[in-house]
Amino acid sequence: TVGAVAVDCAGNVACATSTGGIRNKMVGRVGDSPVIGCGGYADNSSGAVSCTGHGESILKVTLARLILSHVEQGKSVADASRLSLQYMGDRVQGAGGTIVVSPSGQWAATFTTERMAWAAAADGVLWFGINPEE
Amino acid sequence: MMSAVLVVHGGAWSIPDEIAPASVDGVKAAARHGSSVLKSGGSALDAVEAAVRALEDNPTFNAGCGATLNIDGEVELDAIIVDGRTLASGAVSCVKNIANPVSLARAVMEKTSHVMLTGKGANQFAESIGFIAIPTDKLVTEYEKKQWEKHKKYLAGVMEEFNTKWTHD
């Protein structure tokens, strides 16, 4: 799965997610990626999210919307991501990762899997990582 | 005017060491590409589509031209795009022979009154608006063909442990 989130100079946010699914999946199986509020969500009032990981788990907790609901309640995008991924792990034993950006330009790349390749471009600087705590 | 930000990911899973460098290079390139759209005055929507297209075109990633194969050895692709300004969204699922499903998802958002099209209907819509169909072979790498052959021999074991570190989207 791949994804992107962005906020532009006008403060508008957007997200996109795309996937080939899981190797050897059943014909017709659809995971979280194309489902609104699960594989991705964006709202100028709170931010934009793209998710990756175990699709069925992400669907069960509506992960993208869950993260933004924490942001709406005052959490930072990083804390909202961590809390939501932890909830998914506790409730349905699922692992995954998320990228989030807020309308003010706060951003986070968070995951509970072994690795997630990510990169962020802001203010002319490029951040990137693949291992935890990078 | 506030500063623009773009973030990308290339999937969360147990990325093997042999493809880790290509994965990092791929996300960096996609972030630069999406960021260049923002710098030139493009919208957040334009930027996320451009970044995801770059990732779909990179065979390192499980999307577009690097997709995994299903149990029948076929490619089925899913994508979504959401505009936070209007809450407009478009999605496709189980679509075949499309190199950039994210752009098809955007077309669903902008050219229909629906949110998601799936399977045959999504492909019929793609054809109706002039999307070029790509042969399945162009969407599958030799690496994926070998991995699919290897894993189909012990499918029952993989499916019993569906939510393992090896079986993520």
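What you see is a predicted model, and the numbers here were worked out from it, not measured in a lab. Proteins get letters first, then strands, A, B, ... in listed order; numbering begins at 1 in each.
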Might you point out which heavy atoms bring [X] and [Y] nearest each other, and give the distance in Å?
X: A/Val2; Y: B/Gly10; answer: CG1-CA, 4.2 Å
X: A/Ala117; Y: B/Val27; answer: O-CG1, 3.7 Å
X: B/Val7; Y: A/Ile99; answer: O-CD1, 3.3 Å
X: B/Val24; Y: A/Phe128; answer: CG1-CD1, 3.7 Å
X: A/Ala6; Y: B/Leu38; answer: CB-CD1, 4.4 Å
X: A/Gly20; Y: B/Leu77; answer: CA-CD2, 3.7 Å

Go through the atoms of [X] and report whether side chain, backbone, both or neither lie under 4.5 Å from a heavy atom of chain B.
X: A/Ile36; answer: both
X: A/Ser104; answer: backbone
X: A/Val13; answer: both

> Do the side chains of B/Ile80 and A/Val35 get nearer than 4.5 Å, heavy atoms only?
Replying inline: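 When only atoms from C-beta onward are counted, B/Ile80 and A/Val35 do not touch, as no gap falls below 4.5 Å.
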
> Does some side-chain heavy atom of A/Tyr41 sit less than 4.5 Å from a side-chain heavy atom of B/Leu87?
Replying inline: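 Yes. Closest side-chain heavy atoms under 4.5 Å.
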
Nearest 0.5 Å, please: how far is [atom2] in [Y] from [atom1] in [X]?
X: A/Arg23; Y: B/Asn70; atom1: CZ; atom2: CG; result: 12.0 Å
X: A/Thr17; Y: B/His9; atom1: OG1; atom2: NE2; result: 5.0 Å
X: B/Leu55; Y: A/Thr1; atom1: CG; atom2: OG1; result: 11.0 Å
X: A/Asp43; Y: B/Asp83; atom1: CG; atom2: CG; result: 10.5 Å
X: A/Glu114; Y: B/Ile15; atom1: CD; atom2: CD1; result: 9.5 Å
X: B/Asp46; Y: A/Asn12; atom1: CG; atom2: CG; result: 11.0 Å

>> Counting neighbours of CD on A/Glu134 that are heavy atoms of other residues, nucleotides or ligands and sit closer than 6.0 Å, is the number greater than 12?
In response: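 It does: A/Glu134 CD has more than 12 such atoms within range.
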
> In this structure, are over 12 heavy atoms from other groups packed under 6.0 Å from B/Lys120 atom NZ?
Replying inline: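 No, NZ of B/Lys120 has 12 or fewer neighbouring heavy atoms, counting only those of other groups under 6.0 Å.
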
Does any heavy atom of chain A fall under 4.5 Å from the side chain of [X], the backbone, both, or neither of them?
X: B/Ser43; value: both
X: B/Leu45; value: both
X: B/Val92; value: backbone

> Between A/Arg29 and B/Asp78, is there a side-chain N and carboxylate O pair less than 4.0 Å apart?
Replying inline: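 Judged by the 4.0 Å cut-off on N to carboxylate O distance, A/Arg29 and B/Asp78 do not form a salt bridge.
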
Report the option among [options] that has the most heavy-atom pairs separated by less than 4.5 Å from atoms of chain A.
options: B/Ala63, B/Ala44, B/Ala67; result: B/Ala44
options: B/Val75, B/Thr118, B/Leu69, B/Asn100; result: B/Leu69
options: B/Gly26, B/Ala50, B/Ser89, B/Gly84; result: B/Gly84
options: B/Gln147, B/Arg32, B/Met116; result: B/Gln147

Between [options], which shows the greatest number of heavy-atom pairs under 4.5 Å with chain B?
options: A/Ala14, A/Ala119, A/Ala121; result: A/Ala119
options: A/Ala120, A/Gly40, A/Gly3; result: A/Gly3
options: A/Ser50, A/Ala48, A/Gly39; result: A/Ser50

Counting N and O atoms only, with roles assigned by atom type, does the side chain of [X] sit under 3.5 Å from a partner on the main chain of [Y], one being a donor and the other an acceptor?
X: A/Asp8; Y: B/Gly41; answer: no
X: B/Glu76; Y: A/Gly28; answer: yes
X: A/Ser18; Y: B/Ala79; answer: no

>> Is there a side chain to side chain contact (heavy atoms under 4.5 Å, CB included) between A/Cys15 and B/Val48? Walk through the geometry before answering.
In response: CA-CA 6 Å; A/Cys15 75; B/Val48 296; 5.6 Å; no

> When you look at A/Arg115 and B/Asp17, which way does the side chain to side chain contact (heavy atoms under 4.5 Å, CB included) test go after all the steps?
Replying inline: CA-CA 10 Å; A/Arg115 284 173 157 173; B/Asp17 288 341; 2.9 Å; yes

>> Between B/Val102 and B/Val8, is there shared hydrophobic-cluster membership here, with clusters defined by ILVMFWY side-chain heavy atoms closer than 4.5 Å?
In response: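 Yes; B/Val8 is reachable from B/Val102 via cluster members.
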
